[in-house]
2 protein chains.
Amino acid sequence: MTTKQPSTMSTMATAPKKPTIRDVARLAGVSYGTVSRYLNGNEHVSKDAAERIAAAIEQSHYTPNKAARSLARQRTQTVALIIQVESNETMVQASVSEAMVGANQVLGDAGYQMVTIIANSDESTQRITQLVNSDFADGYLLFSLSEDDSLANAFLNVRRPVVRSEISDRGDLPYPAIDFANRDGQRAITRYLLDNGRTRLAYVCGPGYSPTAGNRLDGFKDAVGDDYDERRVYYADDWEITSGEMAAVAFQPQLDRIDGIVCANDSIAIGVINQLARFGYTTPDDIAVTGFDDSPLALLVNPKLTTVRQDSQLHGRAMAETLLRMLHGTAIEPHHVELLPTSIVKRQSA
Amino acid sequence: MTTKQPSTMSTMATAPKKPTIRDVARLAGVSYGTVSRYLNGNEHVSKDAAERIAAAIEQSHYTPNKAARSLARQRTQTVALIIQVESNETMVQASVSEAMVGANQVLGDAGYQMVTIIANSDESTQRITQLVNSDFADGYLLFSLSEDDSLANAFLNVRRPVVRSEISDRGDLPYPAIDFANRDGQRAITRYLLDNGRTRLAYVCGPGYSPTAGNRLDGFKDAVGDDYDERRVYYADDWEITSGEMAAVAFQPQLDRIDGIVCANDSIAIGVINQLARFGYTTPDDIAVTGFDDSPLALLVNPKLTTVRQDSQLHGRAMAETLLRMLHGTAIEPHHVELLPTSIVKRQSA
DNA sequence: CTGTTAGCGCCTTCAG
DNA sequence: CTGAAGGCGCTAACAG
């Protein structure tokens with residue numbers, strides 16, 4: 001079967017509109033109910049009819065209309081992955097794009113088409129709220145919603161399964177979340193520093209709107225225990241490199257009494273290292289620095305980052321799997337939380 | 001109006017199914033045809049009726065069903081951005097995610113919902129082919145299709161507007177393309193090297209399946225003219241850092257007679273610089289190196305990359321705009337090509 | 001096993 | 001200005 005059949009092409013030229021199930025039925029000499037059965041894998045179709053239908057479909061280039069099918073069947077076989085990006089400037093994080101690929105894989109294998117939607121303005125949030133309430137998809141994967149996010153409100157009354165990518169303190173969002181064990185991870189890498197004789201540690205915390213930032217800070221607190229000193233914590237406004245540089249500046253007066261800086265993520269760590277270098281401190285000799293995420297950047301910088309690794313593809317897969325379970329009717333406790341493991345990857349910066 | 005109204009909530013509890021246009025009509029005391037008119041901004045609705053309908057909608061939390069509307073109206077108000085990723089390992093390129101944001105903006109402003117779909121396996125390609133032929137969206141934005149891509153075949157018989165992100169030699173794809181002036185850009189930065197006294201130039205070319213790779217190489221050829229020497233060209237298998245390293249290795253025997261290496265993109269350039277350093281050559285003193293894309297990485301490495309900048313958000317916006325034009329009925333020449341300008345950004349590596 | 005038929009929720013003439 | 005009715009393309013329940 002070649003893709004292009006001249007005869008077929010000319011046929012199509014004379015009949016420029018898409019064939020419907022009735023056209024196929026007519027071609028095959030059966031009623032269109034039978035064609036529908038064939039299409040949906042119903043047993044009760046004679047071998048003979050099946051063959052004629054198959055031929056008719058082939059010949060007419062028939063493909064079922066998605067809207068009609070969704071309407072009749074009351075489900076779309078589509079899952080939407082909604083990702084919130086802070087602004088037009090920020091782009092999609094590497095971890096998010098990896099998770100997308102993971103989720104896309106398992107959803108696709110299960111016969112669902114995943115589509116991703118970007119929310120980055122009030123207007124888009126508005127539009128998405130409409131969409132979600134219009135039975136656009138059978139289920140939703142929510143990425144990086146901040147605590148007080150207006151986008152989250154869009155899902156308050158949704159009658160479809162939803163899975164979140166971050167744990168949250170927000171009590172009115174009755175959806176399971178799958179997240180990394182951020183607290184454990186940060187605790188572990190902090191202990192690693194401690195075990196290596198770094199005793200005067202500082203911390204650069206992620207932005208306040210992010211639950212993840214808080215969880216990672218908690219892990220740091222766990223590890224340092226009574227040595228925790230609020231004066232050696234810098235609260236960044238975002239997750240970017242610049243924030244790391246600002247943190248180092250803020251710490252400057254006490255840098256001589258600091259021998260390690262634990263950062264909320266890799267980008268911040270890179271910023272810290274850069275700024276420390278400008279101040280004349282070398283990493284890790286003078287001050288050890290750790291990141292979090294093990295993003296592609298971790299390998300690019302000098303020194304290479306010692307950081308907490310998380311498997312983002314797995315994150316996407318795990319989220320998709322529990323969504324599928326819900327789609328299949330399995331009841332999941334509304335505030336169910338699954339924490340994915342992280343691991344320390346030791347490189348040069350600490 | 002608070003989002004959660006206890007009374008409404010309990011009402012919903014007793015009537016667990018979504019309200020339809022008929023429910024709204026009943027509540028407002030009009031026929032549902034009138035509600036439909038109201039919904040679609042038809043003039044012929046009395047002020048009185050409009051108000052009652054608005055109240056009924058508010059009260060019932062009504063949102064039109066997407067599938068039904070699409071079916072009746074024969075359009076979805078949706079545009080799909082399809083992006084092909086080489087494998088599960090490769091993630092979404094920064095430039096692509098930026099273009100996504102740009103296109104999303106323009107499309108959203110025009111009342112379309114953009115959804116992005118990932119193609120990364122035969123199975124997903126298969127599924128997408130079905131989708132595209134099922135009137136899933138009103139138009140398509142195609143990202144990074146390789147020349148002989150099977151995915152491209154999915155669009156051979158589509159009856160909807162399509163815009164491509166790369167120019168191509170493939171003649172059977174009658175869709176306009178919007179691309180960067182890759183050839184011009186590479187020619188310009190090569191000339192820049194030449195003008196700065198670099199006379200023995202080598203080139204690292206992108207993967208063969210990519211038209212872009214060829215266009216950039218052509219730009220290099222333009223600039224060096226008769227000095228072009230096939231022995232100083234390395235053909236990479238992909239766009240990644242590792243390929244740059246391999247290129248440097250391949251060039252090693254003649255490195256002493258080379259004073260500049262023009263690379264197909266930033267990642268490759270970074271790989272080249274790294275490997276050169278290992279061989280004991282410094283950049284740019286011994287050998288100047290240039291990139292292409294001005295990706296976020298360009299600023300992170302040492303020395304910072306001198307490269308060709310392209311505005312990826314603009315790319316997305318431009319593609320969306322011509323798609324909109326086609327959606328609005330403007331005829332666009334099938335093989336129309338628009339080339340977006342690039343600029344040289346001088347930093348440290350050359 | 002197969003034809004018939006009643007919707008799915010909404011849009012859009014067509015009368016009135 | 002508004003109600004009634006046919007249809008968008010397909011599914012599913014019901015006779016036969």
Side-chain angles (χ1 to χ4, degrees), chain A residues 15 17-54 56-57 60-78 111 130-131 133-138 159, chain B residues 15 17-54 56-57 60-78 111 130-131 133-138 159:
Chain A
K17 45 190 343 231
K18 273 197 62 174
T20 74
I21 198 174
R22 294 172 210 260
D23 296 321
V24 174
R26 199 175 313 124
L27 256 168
V30 296
S31 79
Y32 68 87
T34 303
V35 177
S36 174
R37 271 187 289 270
Y38 171 84
L39 253 23
N40 296 292
N42 188 310
E43 320 283 283
H44 307 289
V45 178
S46 68
K47 192 150 183 271
D48 178 53
E51 277 167 6
R52 300 217 310 284
I53 293 173
I57 289 178
S60 61
H61 274 48
Y62 170 75
T63 309
N65 176 288
K66 186 119 193 307
R69 181 173 266 194
S70 298
L71 179 57
R73 180 181 285 192
Q74 295 293 65
R75 57 200 168 78
T76 62
Q77 289 295 103
T78 296
Q130 286 287 103
L131 211 65
N133 288 305
S134 74
D135 281 356
F136 170 78
D138 294 344
R159 306 151 170 16
Chain B
K17 44 192 342 234
K18 274 196 61 176
T20 76
I21 199 173
R22 294 172 211 259
D23 296 322
V24 174
R26 199 174 311 125
L27 257 168
V30 297
S31 78
Y32 69 86
T34 304
V35 177
S36 174
R37 273 185 287 268
Y38 171 83
L39 253 23
N40 296 293
N42 189 310
E43 320 282 285
H44 307 289
V45 178
S46 68
K47 193 150 182 270
D48 179 52
E51 279 167 5
R52 300 217 309 283
I53 293 173
I57 289 178
S60 61
H61 275 51
Y62 169 75
T63 309
N65 175 288
K66 188 120 192 307
R69 180 173 267 194
S70 298
L71 178 58
R73 177 180 286 190
Q74 296 291 67
R75 56 199 169 78
T76 62
Q77 289 296 104
T78 296
Q130 287 286 103
L131 212 65
N133 288 305
S134 73
D135 281 355
F136 170 77
D138 295 343
R159 308 159 193 306

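Numbers restart at 1 for each chain; the letters A, B, ... are given by sequence-line order, proteins then strands. All of these numbers come straight from a predicted model, not from anything done at the bench.
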Can you tell me how far C1' of D:dG9 sits from NZ of A:K66, to the nearest Å? 14 Å
Protein-nucleotide distance (B:F136, atom CZ; D:dG9, atom P), rounded to Å: 19 Å
Considering just the side-chain nitrogens and oxygens of B:T34, establish if one lies under 4.0 Å of OP1 or OP2 belonging to D:dT2. no
Using the side-chain contact (heavy atoms from CB on, under 4.5 Å) criterion, which residues pair with A:A28? Sequence neighbours excluded. A:V30, A:R52, A:I53, A:A56
Atom-to-atom span, CD1 of B:I53 to P of C:dC10 - whole angstrom: 13 Å
If every non-hydrogen atom of B:R159 is compared with every non-hydrogen atom of A:P19, which pair is closest and at what distance? NH2-CD, 4.2 Å
On DNA chain D, does the nearest nucleotide to B:L71 precede the nearest nucleotide to B:V30 from the 5' side, or the other way round? Give the residue. B:V30
Could you check how far CZ of B:R26 sits from P of C:dG9, rounded to whole Å? 12 Å
For D:dG7, does OP1 or OP2 lie under 4.0 Å from any side-chain N or O of B:Q74? no
Derivation of the side-chain contact (heavy atoms from CB on, under 4.5 Å) call for A:Q77 and B:L131: CA-CA 11 Å; A:Q77 289 295 103; B:L131 212 65; over 6 Å; no
Between the side chain of B:Q130 and the main-chain N/O of A:T63, is any donor-acceptor distance below 3.5 Å? no
Please confirm whether the backbone N or O of B:N133 pairs with a side-chain atom of A:K66, one donor and one acceptor, at under 3.5 Å? no
Can you name the side-chain contact (heavy atoms from CB on, under 4.5 Å) partners of B:A72, sequence neighbours left out? none
Sugar-phosphate, base or nothing in reach of B:A67, heavy atoms under 4.0 Å: nothing
Residue list, side-chain contact (heavy atoms from CB on, under 4.5 Å) with B:I21, at least two apart or on another chain: B:Y32, B:V35, B:S36, B:L39, B:Y62
Check side-chain contact (heavy atoms from CB on, under 4.5 Å) between B:S31 and all other residues, then give those that pass, not counting sequence neighbours. B:T34
Any chance you could list the contact pattern along nucleotides 11-16 of chain D? Use B for base contacts, S for sugar-phosphate-only contacts and - for none, protein heavy atoms under 4.0 Å, 5' to 3'. BBB---
Angle between the two end axes of the helix from C:dC1-D:dG16 to C:dG16-D:dC1, five base pairs per end, rounded to 10 degrees? 40°
Examine C:dG3: is either OP1 or OP2 under 4.0 Å from a nitrogen or oxygen in the side chain of A:S31? Give yes or no. yes
Phosphate-side-chain proximity, A:S70 and C:dC8, N/O vs OP1/OP2 below 4.0 Å: no
Heavy-atom pair with the smallest gap, counting every atom of B:S134 and A:P64: CB-O, 3.0 Å
Rounded distance in Å - CG (A:D135) to C1' (C:dG9): 10 Å
